[in-house]
Amino acid sequence: MKITILSGKGGTGKTTVSNNLAVLVKESFLIDCDVEEPNSHIFMAPEITEEEEIRTGYPVVDEDKCIHCRKCADFCHYNAIIAGAAATMPLKDLCHDCGGCQLVCPAGAISYEKKGIGTIFSGTSRFGSRFLYGQLYTGELSGVKIINRLNEKMSHSDLVLVDSPPGTSCSTVAALEGSDYAVIVTEPTPFGVSDMKMVVEMLKEMNIPFSVVVNKAGLGDNEVYEYCSEENLTITGEIPFERIVAEAYASGKLAVEISEEHKSLYRNLWLNIQKEAERSHES
């Protein structure tokens with residue numbers, strides 16, 4: 001089963017939830033798909049045993065062969081090629097490596113070269129669990145190809161917890177691909193609820209069952225509870241805001257390392273998520 005933990009915006013607590021659950025659920029395999037800004041490895045402190053660079057292709061134009069017909073530029077939906085009367089210029093940072101421009105070029109003027117866009121790190125966390133994360137190189141625009149490779153590497157695991165990118169970007173959709181269940185982590189603030197609504201619509205569109213976890217409960221207002229009630233959304237848990245947890249987080253420690261009380265909170269949260277995930281697939 002693949003369970004993806006996501007949020008409407010960054011800083012809401014999806015890494016907190018996914019990492020604490022991964023420590024308690026010993027048979028789980030934690031994957032950090034937030035490749036633009038991964039931070040699960042800070043808490044998991046893994047021993048890395050394997051690294052894999054992810055590469056992507058980009059077009060190169062042979063101007064001696066180019067007849068400036070503009071078919072490559074007209075084909076490209078990402079505006080990755082500028083074609084003028086005297087020159088054709090690929091913009092490799094915008095290229096999505098689909099190969100279409102090479103196929104439509106009647107002069108055979110386009111070839112592809114490769115460049116690295118990021119790295120995948122595999123290893124074992126300091127808690128003894130399997131762990132995998134990706135890191136997009138600085139300056140690269142899209143981590144989708146890295147996330148797709150992460151999905152491939154996790155495909156044979158029985159229980160996968162995914163720390164997703166925030167929001168509703170292409171990277172988030174890629175992280176959700178193949179998910180059996182999702183957990184939205186939100187906070188009881190107007191911004192938290194506003195961004196959460198977009199995630200709810202996305203999950204409904206993708207037909208992925210989900211529930212909601214309210215982090216930093218006790219702050220803000222009741223809008224998130226009212227919204228969940230109106231939309232008949234299940235809240236599987238509330239995590240109260242505590243200074244001691246924030247201080248532990250700042251020093252690279254997880255809540256489940258603080259006390260038995262915090263372990264119990266996340267154990268109950270996991271039981272609720274399991275129960276809802278099983279119920280959603282039986283109905």
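Everything numeric in this text was worked out from a predicted model, so none of it was measured. Computed from heavy atoms alone, side chains included, the values below leave out hydrogens, waters and symmetry copies.
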To the nearest 0.5 angstrom, please state how far the CD1 atom of I54 sits from the OG1 atom of T56. 10.0 Å

Show which residues join Y58 in its hydrophobic cluster (side-chain heavy-atom contacts under 4.5 Å, direct or indirect), or state none. V60

Minimum heavy-atom distance G143-V35, with the two atoms named: CA-CG2, 3.8 Å

What are the two closest heavy atoms between L24 and R267, and how far apart are they? CD1-N, 3.6 Å

Determine, using the 4.5 Å side-chain heavy-atom cutoff (strictly less than), whether F210 and V224 are members of one ILVMFWY cluster. yes

Quick check: do D158 and F29 have side-chain heavy atoms less than 4.5 Å from each other? no

Is the closest side-chain donor-acceptor distance between E278 and Y181 under 3.5 Å? no

Linking I/L/V/M/F/W/Y whenever their side-chain heavy atoms sit closer than 4.5 Å, directly or via other members, would I42 and I31 fall into one cluster? no

For E47, is the CD atom crowded, meaning more than 12 foreign heavy atoms sit under 6.0 Å from it? no

Does either side chain, that of S179 or that of T4, offer a donor lying less than 3.5 Å from an acceptor on the other one? yes

What residues form a side chain to side chain donor-acceptor pair (under 3.5 Å) with T12, not counting sequence neighbours? none

Donor-acceptor pair, side chain of T172 and main chain of P166, under 3.5 angstrom: yes

Side-chain (H281) to main-chain (R279) donor-acceptor, under 3.5 angstrom: no

Sorted by chain and number, sequence neighbours left out, salt bridge (charged side-chain N to carboxylate O under 4.0 Å, His left out) with R149 holds for E52, E152

Which atom of S251 lies closest to which atom of A248, heavy atoms considered: OG-O, 2.9 Å

Evaluate K65 against S111 for side-chain contact (heavy atoms from CB on, under 4.5 Å), listing each step before the verdict. CA-CA 11 Å; K65 293 182 179 178; S111 59; over 6 Å; no

Under 3.5 Å side-chain donor-acceptor pair for N272 and T236: no

Validation row: T234, V212 side chains within 4.5 angstrom (heavy atoms): no

Test your reading of the model: is there a side-chain donor-acceptor pair from E257 to the backbone of L254, 3.5 Å cut-off? yes

Are more than 12 heavy atoms from other residues, nucleotides or ligands located less than 6.0 Å from atom CD of E177? no

Measure the OG1-CD distance between T119 and E50 for me, rounded to the nearest 0.5 Å. 12.0 Å

Would you check if there is a donor-acceptor pair between the side chains of K14 and N215 at a distance under 3.5 Å? no

Around I244, counting heavy atoms of other residues, nucleotides and ligands shown, do more than 12 lie under 6.0 Å from its CD1? no

D163 and S40: which non-hydrogen atoms are nearest, and at how many Å? OD2-OG, 3.0 Å

If a pair satisfies salt bridge (Lys or Arg N to Asp or Glu O under 4.0 Å) and one of its residues is in residues 182-191, list it, with sequence neighbours excluded. K9-E187, E187-K216

Criterion side-chain contact (heavy atoms from CB on, under 4.5 Å) on H262 and V256, from CA distance to verdict: CA-CA 5 Å; H262 291 88; V256 295; 5.6 Å; no

Going by heavy atoms in the side chains, are D221 and T189 under 4.5 Å from each other? no

Do P188 and E223 have side chains that get closer than 4.5 Å, going by heavy atoms? no

Backbone N/O of T88 and side chain of E63: donor-acceptor pair under 3.5 Å: yes

Under 3.5 Å side-chain donor-acceptor pair for H41 and Q135: no

Please report the C-alpha distance between Y133 and F131 in whole Å, then the side-chain angles of each, then the deciding distance to 0.1 Å, and finally whether the ring pair (Phe, Tyr, Trp, His ring centres under 6.0 Å) criterion is met. CA-CA 7 Å; Y133 76 101; F131 177 62; 5.6 Å; yes

E242 atom CD, neighbour heavy-atom count above 12 within 6.0 Å: yes

Check: residues 66-75 side-chain donor-acceptor pairs under 3.5 Å, at least two apart:
unit_1 : atom_1 : unit_2 : atom_2 : d
R70    : NH1    : A83    : O      : 2.5

Short side-chain to backbone donor-acceptor contact, D32 and N39, under 3.5 Å: yes

Looking at side-chain heavy atoms only, is the closest gap between W270 and I3 below 4.5 Å? yes

Within one Ile-Leu-Val-Met-Phe-Trp-Tyr cluster: V17 and M44, side-chain cutoff 4.5 Å: yes

Might you point out which heavy atoms bring N151 and A175 nearest each other, and give the distance in Å? OD1-O, 4.2 Å

Full working for side-chain contact (heavy atoms from CB on, under 4.5 Å) between E140 and K145: CA-CA 11 Å; E140 295 298 331; K145 201 158 189 171; over 6 Å; no

To the nearest 0.5 angstrom, please state how far the OG atom of S142 sits from the CG atom of L136. 7.5 Å

Check this for me: does any side-chain nitrogen of one of R55 and D97 sit under 4.0 Å from a carboxylate oxygen of the other? no

Taking all heavy atoms of G252 and all of R126, pick out the closest pair and write down the distance. O-NH2, 3.6 Å

Under 3.5 Å, is there a donor-acceptor pair between the S125 and S129 side chains? yes

From S28 atom OG to L21 atom CG, the distance as rounded to the nearest 0.5 Å: 8.0 Å

Are side-chain heavy atoms of I5 and S164 found at a separation under 4.5 Å? no

Are E51 and I120 close enough that some pair of their side-chain heavy atoms sits under 4.5 Å apart? no

Under a 4.5 Å cut-off applied to non-hydrogen side-chain atoms, are P165 and C33 in contact? yes

Would M89 and I81 count as a side-chain contact (heavy atoms from CB on, under 4.5 Å) here? Give the steps. CA-CA 6 Å; M89 183 172 67; I81 297 183; over 6 Å; no

Please tell me whether L6 and I147 are part of a single hydrophobic cluster in this structure, the criterion being side-chain heavy atoms less than 4.5 Å apart. no

Within this structure, what is the CG-OH distance for the pair N19 and Y266, rounded to the nearest 0.5 Å? 9.5 Å

Hydrophobic cluster identity match, I239 and V23, side-chain contacts under 4.5 Å: yes

Nearest 0.5 Å, what's the CG-CG distance between L150 and L132? 5.0 Å

Under 3.5 Å donor-acceptor pairs involving side-chain atoms of residues 200-207, not counting sequence neighbours:
unit_1 : atom_1 : unit_2 : atom_2 : d
K204   : NZ     : E231   : OE1    : 3.4

Would you please classify the geometry between the Y249 ring and the F43 ring as parallel, tilted or perpendicular, with 30° and 60° separating the classes? tilted

